[in-house]
Amino acid sequence: MSTPTDIGTLITRSPEIRGGRPRIAGTGVTVRRIASRYQLGLTAEEIADSIGHISVGQVYAALAYYHANRDEIDADLAAEDAFTRELEQRQASSKAR
């Protein structure tokens, strides 16, 4: 018989790890990373398999956090996308010279 896990302990933040973004406790896997794969249509099981060192329960905890704080995570994903596009444009511009 296993010991029950308090689901409130599965997601954490630390300013010194991943810029303080919410992440699965004991790992560097951010809720943002889970949410981005979820948005691509992956199931919780597929996400856990693709990362390897996290459980399906941890993925569901991250998805619960995402759904409870969707505006925060979606804004973080949008900012990352905008930053990536800016870097790609800079690189394309420097190659065209």
Side-chain angles (χ1 to χ4, degrees):
M1 181 176 194
S2 64
T3 306
T5 300
D6 175 2
I7 63 168
T9 64
L10 294 176
I11 304 298
T12 190
R13 288 178 185 252
S14 304
E16 67 280 2
I17 300 173
R18 302 288 189 239
R21 287 182 178 89
R23 62 184 170 80
I24 297 172
T27 76
V29 179
T30 61
V31 170
R32 176 177 77 170
R33 183 173 172 191
I34 300 297
S36 67
R37 292 176 186 214
Y38 173 75
Q39 289 175 345
L40 291 172
L42 274 68
T43 66
E45 291 79 8
E46 291 169 332
I47 294 168
D49 286 345
S50 72
I51 295 173
H53 65 281
I54 62 173
S55 70
V56 174
Q58 290 171 309
V59 172
Y60 277 115
L63 290 173
Y65 184 95
Y66 168 63
H67 287 291
N69 300 280
R70 195 173 208 144
D71 290 343
E72 170 196 3
I73 303 303
D74 284 346
D76 194 20
L77 286 166
E80 180 182 36
D81 287 346
F83 180 71
T84 300
R85 280 192 304 276
E86 180 182 329
L87 288 177
E88 288 170 347
Q89 288 172 352
R90 285 182 187 176
Q91 186 177 17
S93 174
S94 68
K95 284 183 179 180
R97 292 179 187 175

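- Taking Glu16 as the reference, nothing meets the salt bridge (Lys or Arg N to Asp or Glu O under 4.0 Å) condition, with sequence neighbours excluded.
- Judged as a ring-ring contact (aromatic ring centres under 6.0 Å, His included), and not counting sequence neighbours, His53 has no contacts.
- No more than 12 heavy-atom neighbours from other residues, nucleotides or ligands sit within 6.0 angstrom of CD1 on Ile7.
- The NZ atom of Lys95 sits 4.5 Å away from the CD atom of Gln91 when rounded to the nearest 0.5 Å.
- Listed here is the closest heavy atom pair of Ala25 and Thr12: CA-CG2, 3.6 Å.
- The distance from atom CG of Asp49 to atom CG of Leu42, rounded to the nearest 0.5 Å, is 9.5 Å.
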Which donor-acceptor pairs under 3.5 Å do the side chains of residues 61-68 make with protein atoms, sequence neighbours left out?
| residue | atom | partner | partner atom | Å |
| --- | --- | --- | --- | --- |
| Tyr65 | OH | Arg13 | NH2 | 2.8 |
| Tyr65 | OH | Glu72 | OE1 | 3.1 |
| Tyr66 | OH | Gln39 | NE2 | 2.8 |
| Tyr66 | OH | Arg70 | NE | 3.2 |
| Tyr66 | OH | Arg70 | NH2 | 3.4 |
| Tyr66 | OH | Asp74 | OD1 | 2.9 |
| His67 | ND1 | Arg70 | NH1 | 3.4 |
| His67 | NE2 | Tyr38 | OH | 3.4 |

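- With sequence neighbours left out, the side-chain hydrogen bond (donor to acceptor under 3.5 Å, both in side chains) criterion links Arg18 to no other residue.
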Handout entry: Arg23/Val31 under side-chain contact (heavy atoms from CB on, under 4.5 Å): CA gap, chis, key distance, verdict
Key = CA-CA 5 Å; Arg23 62 184 170 80; Val31 170; 5.9 Å; no
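- Follow the hydrophobic side-chain contacts under 4.5 Å out from Leu40 and you reach Ile54 in the same cluster.
- The line from CD1 of Ile34 to CD1 of Ile73 is 11.0 Å long, rounded to the nearest 0.5 Å.
- No chain of hydrophobic side-chain contacts below 4.5 Å, direct or via other Ile, Leu, Val, Met, Phe, Trp or Tyr residues, connects Leu10 to Ile24.
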Practice task
Apply side-chain contact (heavy atoms from CB on, under 4.5 Å) to Val29 and Val59, showing your working.
Solution key: CA-CA 10 Å; Val29 179; Val59 172; over 6 Å; no
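- To the nearest 0.5 angstrom, Asp76 atom CG is 4.5 Å from Arg32 atom CZ.
- Considering only residues two or more places apart in sequence or on other chains, Arg37 meets the side-chain hydrogen bond (donor to acceptor under 3.5 Å, both in side chains) condition with Ser50.
- Counting non-hydrogen atoms of neighbouring residues, nucleotides and ligands closer than 6.0 angstrom, the CG atom of Asp71 reaches no more than 12 such neighbours.
- A distance-only check finds a donor-acceptor pair linking the side chain of Thr84 to the backbone of Glu80 [under 3.5 Å].
- A donor-acceptor distance shorter than 3.5 angstrom exists from the side chain of Gln58 to the backbone of Ser55, with no hydrogens or angles considered.
- With sequence neighbours excluded, no residue satisfies salt bridge (Lys or Arg N to Asp or Glu O under 4.0 Å) with Glu45.
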